[in-house]
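Values in this document were obtained by computation on a predicted structure and should not be read as measured data. Only this structure's heavy atoms are used, side chains among them; waters, hydrogens and symmetry mates stay out. Counting begins at 1 with the first residue of the sequence.
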Amino acid sequence: MLVVKRLLIIFILFWGLLALAVRSMTPLIGDWRPQIETAVGDRLGTPISIGSIEARWYGLQPLVELSSITLGAGDEALSIDRAMIELSPLGVGKVLLGQGKDALTDGIRLTLDGLAVTVVREADDRIHLGGLGPIGGGPDASTPLPPPHHLQLINTEVLWIDRKRALPPVSVPKVAVHLVRDGTDLAIRARVESDAGHADASARLSGYLGTTDWSGESYIHATNLDAARLFAPYLPEHYGLRRLKLNIETWTRWDGAVPVHSQGELGLRDLRLETPGDDDSDLLIEAASADFSLTRQSGAPFRLGLRQLRVAMPDRVWPKTDIALSLWRGDAGFSLDLYAEH
């Protein structure tokens with residue numbers, strides 16, 4: 001018992017001295033702005049500018065507030081109106097004791113307000129954030145940086161640019177994200193609101209999202225998605241997708257950054273597939289719904305199941321049907337098995 005008391009006293013003294021040391025440095029943090037810009041820029045591999053830095057104490061933790069932050073340069077630069085960082089004295093101590101420059105992220109709570117980010121798909125299929133390097137692999141891909149222990153994004157705007165398809169940019173003005181990290185385990189919640197629909201998502205993942213070395217489970221509930229607007233540019237023109245509203249609720253299991261199994265509920269309405277030169281032959285579906293299951297694993301057939309599929313067309317309602325489909329590639333080419341029951 002005496003040993004435990006002594007260890008507790010030593011720990012309290014160490015914590016107090018460390019907190020006192022960090023507290024004494026916070027008034028000077030604004031003077032370190034150039035050094036902070038250089039250190040963070042070197043770590044991210046991109047130039048960074050910070051308009052101002054202020055520090056104050058929130059209980060036992062220092063709170064650092066940065067404003068007018070820019071990563072990168074040009075039209076695709078990532079910008080943040082305000083960043084609030086709560087620093088753990090223990091996390092700062094790990095860095096000062098030489099336990100790795102990434103150790104600080106374990107003691108950080110980071111809130112980004114007014115983030116404007118551009119997500120770019122290059123011609124070689126790699127995706128990167130404006131201001132940061134590619135994250136799809138390759139010799140110049142960025143080294144994964146562990147996210148902070150707690151990350152919150154509010155008032156976020158995302159601009160999607162697809163250079164491979166040379167499509168007009170798509171803006172998503174309202175995105176909110178909440179992330180908690182414990183080692184390599186991530187718990188994520190997100191909400192997206194736009195004039196093309198609404199979606200809520202959550203995930204429990206393990207690994208580094210900047211690589212393909214992650215796995216886990218995710219959930220998505222999307223309502224009133226304007227699927228024609230979002231997906232038609234990625235389909236061949238002869239598909240003729242002109243209208244489609246989509247609702248979907250899905251649970252997905254991921255392995256090595258690949259979705260290997262999904263299941264849920266799917267509903268669509270107001271589908272129109274246009275036939276060139278003949279309006280009378282356009283395919284019109286007023287509504288359709290089904291429970292679905294999809295499995296995709298390396299070395300195994302692609303399997304899709306639809307249960308209680310219901311299709312309503314302008315002139316008829318098809319009976320409820322169960323469908324099972326298997327697709328695989330053999331030596332002689334692709335093979336397809338299809339089973340239906342109603």
Side-chain angles (χ1 to χ4, degrees), residues 40-41 43-50 68-83 110 112-145 147 151-177 179 188 190-201 203 205 208-212 214 218 220 222 224-237 239 241-246 248 254 257-259:
V40 176
R43 185 64 181 90
L44 296 178
T46 189
I48 178 173
S49 66
I50 303 172
S68 303
I69 308 160
T70 303
L71 280 76
D75 295 337
E76 296 176 7
L78 184 153
S79 65
I80 305 168
D81 291 341
R82 186 176 59 151
L110 175 62
L112 302 181
D113 186 358
L115 168 64
V117 60
T118 301
V119 183
V120 182
R121 181 194 189 197
E122 299 290 357
D124 60 3
D125 272 330
R126 288 187 299 168
I127 296 175
H128 69 88
L129 303 180
L132 301 177
I135 59 176
D140 58 344
S142 298
T143 302
L145 180 67
L151 173 65
Q152 186 171 10
L153 307 181
I154 55 178
N155 299 321
T156 299
E157 180 175 0
V158 178
L159 182 68
W160 167 257
I161 296 178
D162 193 333
R163 289 177 175 161
K164 182 174 183 178
R165 295 276 185 170
L167 298 173
V170 176
S171 176
V172 183
K174 293 183 179 180
V175 179
V177 178
L179 178 149
I188 305 171
R191 168 167 290 184
V192 177
E193 299 181 26
S194 76
D195 55 0
H198 308 272
D200 290 294
L205 308 174
Y208 294 99
L209 298 185
T211 71
T212 57
W214 59 270
S218 65
I220 296 176
N224 203 34
L225 287 183
D226 189 344
R229 174 182 170 186
L230 295 173
F231 305 131
Y234 294 92
L235 298 174
E237 178 61 27
Y239 278 45
L241 179 58
R242 296 296 177 261
R243 297 198 306 262
L244 175 58
K245 293 290 187 177
L246 183 66
I248 186 170
W254 300 78
V258 175

If I compare all heavy atoms of [X] with all of [Y], which pair ends up nearest, and what's the gap?
X	Y	result
Leu225	Gly197	CD2-CA, 3.9 Å
Ala228	Pro233	O-CD, 4.0 Å
Ala227	Leu241	O-CD2, 4.4 Å

*asked:* For Leu205 and Ile188: C-alpha separation, side-chain torsions, deciding distance, then whether side chain to side chain contact (heavy atoms under 4.5 Å, CB included) applies.
replied: CA-CA 8 Å; Leu205 308 174; Ile188 305 171; 4.1 Å; yes
*Walk me through it: do His198 and Val192 pass the test side chain to side chain contact (heavy atoms under 4.5 Å, CB included)?*
CA-CA 6 Å; His198 308 272; Val192 177; over 6 Å; no
Any heavy-atom pair between the side chains of [Y] and [X] that's under 4.5 Å?
X	Y	result
Val117	Leu78	yes
Asp162	Tyr234	yes
Val119	Val158	yes
Asp226	Lys245	yes

*State which residues pass side-chain hydrogen bond (donor to acceptor under 3.5 Å, both in side chains) with Tyr239; sequence neighbours excluded, sorted by chain then number.*
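Result, side-chain hydrogen bond (donor to acceptor under 3.5 Å, both in side chains) vs Tyr239: none returned.
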*Glu157: partners by side-chain hydrogen bond (donor to acceptor under 3.5 Å, both in side chains), with sequence neighbours left out*: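 Applying side-chain hydrogen bond (donor to acceptor under 3.5 Å, both in side chains) to Glu157 gives Ser171.
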*Can Leu151 and Val177 be said to form a side chain to side chain contact (heavy atoms under 4.5 Å, CB included), step by step?*
CA-CA 8 Å; Leu151 173 65; Val177 178; 5.7 Å; no
_Residues which pass salt bridge (Lys or Arg N to Asp or Glu O under 4.0 Å) with Asp200, listed by chain and number, not counting sequence neighbours_ =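 Salt bridge (Lys or Arg N to Asp or Glu O under 4.0 Å) check on Asp200 returns Arg191.
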Enter the distance from [X]:[atom1] to [Y]:[atom2] here, rounded to the nearest 0.5 Å.
X	Y	atom1	atom2	answer
Ile80	Asn155	CD1	CG	13.0 Å
Leu115	Ser79	CG	OG	7.0 Å
Asp81	Ile69	CG	CD1	9.0 Å

*asked:* Set out, in order, the CA-CA distance, both residues' side-chain angles and the distance that settles side chain to side chain contact (heavy atoms under 4.5 Å, CB included) for Leu153 and Val175, then state yes or no.
replied: CA-CA 8 Å; Leu153 307 181; Val175 179; over 6 Å; no
